[in-house]
Number of protein chains: 2
Amino acid sequence: MVFSTHDWPIDSGVLRGESSCATLLLQDCILWTPRMPRADKRDDLIDAAIRLFNRHGYHATGVDRLMEETGIAKTTLYRHFDSKEELIVAALVRIDEAARDELRAFVEAASGDPVARILATFGQLDIWLRDKEFKGCPFVAAAAEFGGANDPVFQQVRLHKRLTLAYFEELVRAARTPDPRRVARQIVMLHEGAIAFAQVLGPDGVADDARQAAERLIERRPAD
Amino acid sequence: MVFSTHDWPIDSGVLRGESSCATLLLQDCILWTPRMPRADKRDDLIDAAIRLFNRHGYHATGVDRLMEETGIAKTTLYRHFDSKEELIVAALVRIDEAARDELRAFVEAASGDPVARILATFGQLDIWLRDKEFKGCPFVAAAAEFGGANDPVFQQVRLHKRLTLAYFEELVRAARTPDPRRVARQIVMLHEGAIAFAQVLGPDGVADDARQAAERLIERRPAD
DNA sequence: CAAGAACGATACAGATCGGTAGCGAACAAC
DNA sequence: GTTGTTCGCTACCGATCTGTATCGTTCTTG
């Protein structure tokens with residue numbers, strides 16, 4: 001390890017197939033200076049790792065494939081990361097931050113109505129599910145490929161899910177819904193379920209169905 | 001390939017950590033006859049494959065690990081299956097049949113009330129989520145590790161999800177719920193979401209929350 | 001300009017990957 | 001009992017895996 005953690009810029013849209021800001025800057029600057037500062041290498045590696053891991057899985061993606069994709073030497077990779085596992089964790093950290101930032105941005109852009117803010121999350125979900133690079137939840141895939149509860153990869157997955165769940169609980173509490181913890185868990189389940197569903201059967205109507213289901217869970221019933 | 005497909009006995013409980021009938025018979029008969037008929041070898045291979053693929057993932061499980069686990073020689077494996085991919089597909093086929101049979105059995109055992117039959121599926125889900133060998137949906141994991149829509153593994157995954165969805169739609173139609181196709185999709189999403197949720201955050205209360213959410217989706221509203 | 005860090009290229013290590021060849025032993029069916 | 005098949009065992013193939021060693025070059029910084 002060379003750099004302290006969390007010194008890279010947060011990049012939204014990583015989950016979708018967009019090239020990151022760092023990559024775009026690289027494209028502009030490559031004529032200005034043939035050698036770029038060190039942080040960009042690490043950024044490029046993580047970006048390519050996210051793309052390839054998402055496309056082919058974690059074990060199926062060898063470091064050699066990463067070299068071909070980025071043009072970065074293998075020695076450089078292992079100067080930034082002690083192991084492939086560390087790169088995987090770094091990729092998950094970036095995806096976590098990007099996904100939660102984007103979710104937050106989508107919610108903030110929605111109307112002030114707390115219920116509408118919750119339902120807006122399914123709008124972001126719909127965009128993601130329809131992305132051509134979408135291939136299921138990278139965290140669920142990582143949890144499936146990596147084992148025990150002590151595994152660093154699995155711990156990062158759990159952290160992401162806990163943070164996401166906490167955010168949804170915050171949204172549900174703002175809507176003054178009864179039993180907010182349970183409803184938040186149910187809405188997260190709808191998100192996860194929609195992701196798995198779309199991964200196998202395609203994205204059409206999936207986010208809409210999930211949103212309508214969430215609407216039913218939030219709405220007040222006369223019995224209450 | 002030596003045997004025609006679908007000539008092995010359907011084994012319920014494969015998703016849970018139970019040893020299969022074939023394995024138990026082997027334990028008893030090994031003193032009676034040192035050489036067992038051929039179908040058992042294939043059964044044992046598929047059973048061990050299901051166990052190991054579920055535990056460590058598909059790419060991470062090498063055929064050598066399968067040999068250690070079963071004591072079967074590698075040549076025997078490749079006499080039954082042309083490739084590892086074919087073994088993976090065979091494993092998915094068996095899981096599919098076992099899971100859908102078990103689901104059906106759970107529903108039949110429930111009361112005749114169509115709504116209660118739907119909610120009974122979450123009882124089976126709860127048992128599975130609490131199993132010590134539970135590690136997420138093997139089909140979602142396979143879809144994540146194997147790529148394109150033309151991949152045989154992915155096609156088997158899609159077939160399973162389609163059949164499962166069709167069965168749920170059948171259950172929902174029996175309940176005379178409005179918009180049965182959508183409700184069936186939503187209930188399947190709740191199942192998938194509960195699986196992913198429990199995979200990362202643990203099984204406690206997950207199936208209950210999902211069932212309660214399904215209840216809300218099924219119940220008639222005064223507005224309708 | 002000089003010192004030090006980062007990088008690329010190559011080559012390699014040791015292990016494991018999926019898959020095959022050849023052989024003898026143990027079974028099944030006739 | 002003979003014939004044909006299935007099995008286990010061993011050894012092997014070429015490819016790929018993660019990770020390292022070495023060295024010359026290039027950028028950055030002072």
Side-chain angles (χ1 to χ4, degrees), chain A residues 1-4 7-8 22 25-26 29-45 48-49 52-53 56-91 145-146 151-153, chain B residues 1-4 7 22 26 29-45 48-49 52-53 56-91 145-146 151-153:
Chain A
M1 264 298 281
V2 181
F3 301 105
S4 63
D7 58 350
W8 54 78
L25 279 174
L26 170 62
C29 297
I30 199 165
L31 296 179
W32 173 65
T33 160
R35 206 39 139 246
M36 43 215 150
R38 35 293 183 71
D40 282 351
K41 293 290 174 185
R42 183 186 235 266
D43 275 356
D44 287 355
L45 281 170
L52 291 181
F53 288 154
H56 304 109
Y58 296 90
H59 285 94
T61 303
V63 291
D64 295 316
R65 300 276 296 269
L66 266 156
M67 312 295 91
E68 295 172 9
E69 192 88 354
T70 59
I72 298 175
K74 204 192 288 190
T75 46
T76 306
L77 188 155
Y78 281 99
R79 217 172 281 120
H80 283 286
F81 305 95
D82 285 343
S83 64
K84 180 187 174 183
E85 185 183 68
E86 200 175 289
L87 172 61
I88 293 175
V89 173
E145 285 202 50
F146 295 89
D151 188 288
V153 174
Chain B
M1 264 301 278
V2 182
F3 301 106
S4 63
D7 59 350
L26 170 61
C29 298
I30 199 167
L31 295 180
W32 175 65
T33 159
R35 205 40 139 246
M36 44 214 148
R38 36 284 181 79
D40 283 350
K41 294 289 173 185
R42 190 189 165 98
D43 274 356
D44 286 355
L45 281 169
L52 291 181
F53 289 154
H56 305 109
Y58 297 90
H59 286 93
T61 304
V63 289
D64 295 317
R65 301 277 296 269
L66 265 157
M67 310 296 93
E68 295 171 8
E69 192 88 354
T70 59
I72 298 175
K74 205 192 283 190
T75 45
T76 305
L77 188 156
Y78 281 100
R79 220 172 276 122
H80 282 287
F81 305 96
D82 286 344
S83 64
K84 181 188 175 183
E85 186 184 65
E86 202 175 287
L87 173 61
I88 293 174
V89 172
E145 286 200 50
F146 295 88
D151 188 289
V153 175

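Numbered from 1 within each chain, the chains take letters A, B, ... in sequence-line order.
- Using a 4.0 Å heavy-atom criterion, one finds that T61(B) contacts the sugar-phosphate atoms exclusively.
- In this structure H59(B) satisfies the side-chain hydrogen bond (donor to acceptor under 3.5 Å, both in side chains) test together with E145(B), sequence neighbours excluded.
- Heavy-atom minimum distance, K84(B) versus T61(B): NZ-O, 2.9 Å.
- Remark: C1' of dC17(D) and CE of M67(A) are 13 Å apart, rounded to the nearest angstrom.
- Across all non-hydrogen atoms, the minimal contact from D44(B) to T70(B) is O-CG2, 4.1 Å.
- Atom P of nucleotide dT20(D) and atom CG of L77(A) are separated by 11 Å, given to the nearest angstrom.
- Among the nucleotides dG8(D), dG18(C), dC7(C), the one closest to any side-chain atom of V63(B) is dG18(C).
- Looking at Y78(B) and V63(B), their side chains come closer than 4.5 Å, going by heavy atoms from C-beta outward.
- Taking atom CZ of residue R65(B) and atom P of nucleotide dG19(C), one finds them 17 Å apart after rounding to whole Å.
- Atom pair D64(B):CG and dC17(C):P shows a separation of 5 Å (rounding to whole Å applied).
- With a 4.5 Å cut-off on side-chain heavy atoms, L87(A) and L66(A) count as touching.
- For dG8(D), one of the phosphate oxygens OP1 or OP2 lies less than 4.0 angstrom from a side-chain nitrogen or oxygen of K41(B).
- When the P atom of dG19(D) is taken as reference, atom CD of E86(A) falls 10 Å away, rounded to whole Å.
- Atom pair L45(B):CG and dG8(D):P shows a separation of 9 Å (rounding to whole Å applied).
- Comparing dC7(C), dG19(C), dG8(D) against the side chain of K84(B) picks out dG19(C) as the nearest.
- What separates NZ of K74(B) from P of dC12(D) is a distance of 14 Å, to the nearest Å.
- Ranking dG19(C), dC7(D), dG8(C) by closeness to the I72(A) side chain, first place goes to dG8(C).
- Proximity note for R79(A) (side chain, C-beta onward) versus dC17(C), dC7(C), dG18(C): the nearest is dC7(C).
- Between I88(B) atom CD1 and dG19(C) atom P the separation is 9 Å, expressed in whole Å.
- When heavy atoms are screened at a 4.0 angstrom cut-off, T75(A) is found touching base atoms of the nucleic acid.
- For H80(B) and dC7(D), the shortest distance from a side-chain N or O to OP1 or OP2 is below 4.0 Å.
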